[in-house]
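Since the model is a prediction, treat every value here as computed from it, not as a measurement.
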Amino acid sequence: MYSSVPKKIDSNFVLGNAQVPPLHPIVYCSDGFCELTGWPRAQIMQKSCACKFLYGPETADEHKVAITNSLQSKTELKLEVQFYKKNGTMFWCLLDIVPIKNEKREVVLFLASHKDITHNKCAEMIDTQDDLSPTGKCRHIICMPPFH
C-alpha cells in the first residue's frame, strides 16, 4: 500500500540568476530555506545568492572567498561553513553550489543548497575532543538536536 501523505523532504535552497554578475540575485528561495535561516522570502529576494546575509563573526574569510570565486568562475562548490540565522544563532551548513546550464551549455542559474549539519559537527567535535573547553562543551557551537 502507498501512503497518500508525502514524506517531508529537506529542501533548503536558493536559485540565483547566473547571468546577472556580480550580484547573481536570488530569483527563488524554498520554504525550507526560510525556515532554516529565519529570513522571510520578501527580505532576501534579489539579494546575492552568495547569501552574505548569513555571514557572521565565525564565518571564515577563506570560505567567503571560495563562495565568491565559485560564482564568478561558474564552478561547483561543496563546503562546510559557519553561517548565522536572522536571530544571530550560528549553525554549521553544508553548502553546495551547482551551476545549472541551458541547452546551449551556458550557465543560467546557480542552485545553492544549505543543509544544517550543526548536530553532526558537534558530535564530531565531541568524539575527537577537538575544540572543547575544559568542561567538555563545544566552544563555538551550541549542541542541540536538529530541528525537523
Using residues 16-28 as the side-chain source, report each donor-acceptor pair under 3.5 Å to any protein atom, sequence neighbours left out, with the distance given to one decimal.
residue, atom, partner, partner atom, Å
Asn17, OD1, Gln19, N, 2.8
His24, ND1, Pro22, O, 3.1

_Interatomic spacing from CG in Leu71 to OG in Ser48 - rounded to 0.5 Å_ = 6.0 Å
*asked:* On a heavy-atom basis, which atom in Phe13 and which in Ser113 lie closest, and how many Å separate them?
replied: CB-CA, 3.9 Å
*In terms of hydrophobic clustering (I, L, V, M, F, W, Y; side-chain heavy atoms under 4.5 Å; direct or indirect links), are Leu111 and Val108 co-clustered?*
yes
*asked:* Does any part of the side chain of Thr59, heavy atoms only, come nearer than 4.5 Å to the side chain of Tyr84, both counted from C-beta?
replied: yes
*Less than 4.5 Å apart, any side-chain heavy atom of Leu15 and any of Ile100?*
yes
*Does Phe53 share a hydrophobic cluster with Ile67, counting links as ILVMFWY side-chain heavy atoms below 4.5 Å and allowing steps through other members?*
yes
*asked:* Can a donor-acceptor pair be found, under 3.5 Å and without considering hydrogens, that links the side chain of Thr37 to the backbone of Lys85?
replied: no
*Between Phe110 and Ile97, is any pair of side-chain heavy atoms under 4.5 Å apart?*
yes
_With Ser73 via side chain to side chain contact (heavy atoms under 4.5 Å, CB included) - residues at least two apart_ = Thr75
*Atom CG of Leu95 and atom CD1 of Ile117: how far apart are they, to the nearest 0.5 Å?*
10.0 Å
*Can you check whether Asp61's main-chain N or O pairs, donor with acceptor, with Tyr55's side chain at less than 3.5 Å?*
no
_The criterion is side chain to side chain contact (heavy atoms under 4.5 Å, CB included); which residues satisfy it with Gln43, sequence neighbours excluded?_
Trp39, Pro40, Lys86
*Residue Lys64 excluded, over 12 heavy atoms near NZ under 6.0 Å*: yes
_Nearest-0.5 Å distance, CD1 of residue Ile44 to SG of residue Cys49_ = 11.0 Å
*Run the numbers on Ser11 and Phe33 for side-chain contact (heavy atoms from CB on, under 4.5 Å), then give the verdict.*
CA-CA 7 Å; Ser11 56; Phe33 180 84; over 6 Å; no
_Check: Asn12 side chain, Leu36 main-chain N or O, donor-acceptor pair, under 3.5 Å_ = no
*In Å and rounded to the nearest 0.5 Å, what is the CE to CD distance from Met90 to Gln82?*
4.5 Å
_Pairs flagged by side-chain hydrogen bond (donor to acceptor under 3.5 Å, both in side chains) wherever residues 93-102 is involved - sequence neighbours left out_ = Asn102-Glu106
*To the nearest 0.5 angstrom, please state how far the CZ atom of Phe91 sits from the CZ atom of Phe83.*
6.5 Å
*Measure the SG-CD distance between Cys93 and Glu80 for me, rounded to the nearest 0.5 Å.*
9.5 Å
_hydrophobic_cluster_shared for Leu109 and Leu77, side chain cutoff 4.5 Å_ = no
_For Asp31, all residues meeting side chain to side chain contact (heavy atoms under 4.5 Å, CB included), sequence neighbours excluded_ = Glu35, Arg41
*salt bridge (charged side-chain N to carboxylate O under 4.0 Å, His left out): pairs with one or both residues in residues 17-29, sequence neighbours excluded*: none
